[in-house]
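See below for the structure under consideration.
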2 protein chains.
Amino acid sequence: MKKKRVTLKDIAAELKVSISTVSRALKDHPDIDKTLTKKIKALAQKWNYIPNPLAMGLLRQQTQVIGVIVPDLVTYFFSSIISGIEDELQQAGYYIIISSSKESMEKEIECVHNLLNLRIDGLIVCLAQDSNDTAHFEKVLDHDVPLVFFDRVCLEKKVSTVVVDNVSMAKDITTHLFENGARKIAHITGPKHLNIVKERTEGYLKGLEQVGLLLDKKHLIHTDLSPNNAAKAIRGLLSLPSRPDAILGVNDTVIFATMKEIKNRNLKIPKDILLAGFSDEFHATVVEPNLTSVAHPTHDIGRNAAKLILEQIQEGRSIQKKIILNTELHVRESSTRH
Amino acid sequence: MKKKRVTLKDIAAELKVSISTVSRALKDHPDIDKTLTKKIKALAQKWNYIPNPLAMGLLRQQTQVIGVIVPDLVTYFFSSIISGIEDELQQAGYYIIISSSKESMEKEIECVHNLLNLRIDGLIVCLAQDSNDTAHFEKVLDHDVPLVFFDRVCLEKKVSTVVVDNVSMAKDITTHLFENGARKIAHITGPKHLNIVKERTEGYLKGLEQVGLLLDKKHLIHTDLSPNNAAKAIRGLLSLPSRPDAILGVNDTVIFATMKEIKNRNLKIPKDILLAGFSDEFHATVVEPNLTSVAHPTHDIGRNAAKLILEQIQEGRSIQKKIILNTELHVRESSTRH
DNA sequence: AAGGTTTGTGCAAAGCTTTGCAGGTAAAAT
DNA sequence: ATTTTACCTGCAAAGCTTTGCACAAACCTT
């Protein structure tokens, strides 16, 4: 026998009062007799009454659900950001629905529509790598649904974002590689339309300039962010007559792929080639040698994105803010020569 | 200006017909005039009408939302199972809400209650490691909400589960270690109340027996599943006079911690110590040496759990089924001596 | 032409909650 | 004794959809 959830109606019937009286009593409305209020509250407690969120949602036109779209779930970077989002939203009484775009714009569009149809109260997104159109996000704004991007962002003029200073980090890491003896520093990165790609490339170029190195165009490679295609690109790099003596990856995943290829060729890290990546994945300290990487404050990125959503919900309007969080360069064996 | 979502009412008003006519026309009810139906459908299409899920939920007493509770999100094992669940449920028109119990029963209880209050249509769970009481899940059953456990399970008499054959896998892997020369095989595992711990321990003992080894009680260690405590346990193991020459971990995370400790002592894998784990994390092939591990069909585990939920929803009753999926032992460098 | 079908449309209730307003009772004031 | 006041409580609508039932008009039958 299905144990139906208890409703106001049930309590009202039991106590022979009206539904509205029960509703008011439960929120300590001064109009209701104190004794009656106490009795109603006692029964509600005993029967474990919980307001039906569907009814509330219908009434208030809000669902207490925030959508989150990430390129994938299996990367530590994203799962720990989600964990930050969850921490912040949960205590504000919101639920989150997580969707994975699997790095595909098509899937991303589908996710956005699904979530919109579900009537979410807000949306937090990290763009898919091949997301080069913004129409689906404009639609989110049209519906006046609060929107926040993190890490990979777009529509920055209208939408709040949480990012890191990619340019200066990429610059720092490039000069760091130089200081450790590298003179042919390659950068393997992703699709050109992504902000993180643009910014990190810019930082890389600035870094080269600062230490007085010239860019070898063959050493700047745009591929996609998948390990397989990264591996292919790396094989190309390693076969060049001007083989690089350092590789900066747009993220750690790319560098993990790189490591495998390098080991296959019996080259030594860091003796023959220095390596460094972005995002400081959990396994950066598990691989051998340990990987130098830019650590993002993932938990904080999540918390801040969540806070920006909550702010917009409270204000009842779209807000355009840009939060830039600090990163740390974690120098490890893969990029140091003594 | 908030762009309100279009409702049946809006369409009815525009076309000067009643709401019920619109409702019926949209589902091709034969009663409605064909021409009118066409007109209504055209407008609904143009205005991008989507039924309000809150109203539908209230009416049908279902939310189209399935809750998923996992011990953590950052392990590849869980995120890829979630990905399987998502694939299956999405095409059935369900949304999923993911909560992390962070391996804590307290948090798990909280998650269950939250999700129940949200009126989810079903719940898929992998137990937290210190979950040793089932009251909160009994409550789920009381409310007649479909429930499925995977991997770490309980209440098997009443609830559907998706698992692997831990006993035989642990046995196989133990004999495999023996065949590669190990004679002092240790097993480092988790809390005793967990089914996976019990079963893998049983398999380990059976394996020892089969190859004619006696259990050294100091070589069977129950700790918790956190890398830190695992590391502590491993330090103990490595300091024993009867230091093991092989370690079987209850999962890969434990073995990753083990690797670090072993390397700290300048012992060599697999020369001095063989290693093998469970669950074949993504990074099993990234670490050096590559880790031997039992590969779980994670995506399939997810899909099957989802299917069991859908089945129960369709049948309208609780079903007790046990699905045992096949695993594969991926033998790699960490456990082979030539 | 009158009764019987067929065909098409709308009313209203149910699902659950909140809240403005009306109404009722009893006590206080005149 | 009558009016006023204060204090409680309940009705009904709104939020959106589905669906059983009633009703109306037009057609057909005899």
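In the text below, chain A, chain B and the rest are named by the order of the sequence lines, each starting its count at 1. Since the model is a prediction, treat every value here as computed from it, not as a measurement.
With rounding to the nearest 0.5 angstrom, the CD1 atom of A:I82 is 11.5 Å from the CG atom of A:L89. Rounding to the nearest 0.5 angstrom, the gap separating the CG atom in B:L147 from the CG atom in B:D144 is 11.5 Å. Atom CG of B:L116 sits about 5.5 Å away from atom CZ of A:R5, to the nearest 0.5 Å.
Here the two rings, on B:Y76 and A:Y76, have centers that are 6.0 Å apart or farther.
For A:L58 and D:dT18, the CG to P distance is 13 Å, given to the nearest whole Å.
Residues from residues 10-25 of chain A lying near DNA chain D, meaning a heavy-atom separation below 4.0 Å, are A:V17, A:S18, A:S20, A:T21, A:R24 in numerical order. Of the residues in residues 37-56 of chain B, B:A55 come within less than 4.0 Å of DNA chain C through at least one heavy atom, sorted by number.
Which of C:dT18, D:dT17, D:dT19 sits closest to the side chain of A:R60 comes down to C:dT18.
Using a 4.0 Å heavy-atom criterion, one finds that B:D33 contacts the sugar-phosphate atoms exclusively.
Using a 4.5 Å heavy-atom threshold, the side chains of A:Q320 and A:T161 count as separate.
Side-chain atoms of A:Q90 never come within 3.5 Å of backbone atoms of A:Y95 as a donor-acceptor pair (strictly under, hydrogens ignored). At distances below 3.5 Å, at least one donor-acceptor pair connects side-chain atoms of A:H193 with backbone N or O atoms of A:Q129.
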Table please: side-chain donor-acceptor pairs of residues 42-53 of chain B below 3.5 Å, with sequence neighbours left out.
from	atom 1	to	atom 2	distance (Å)
B:N52	OD1	B:L54	N	2.7
B:N52	OD1	B:A55	N	3.4

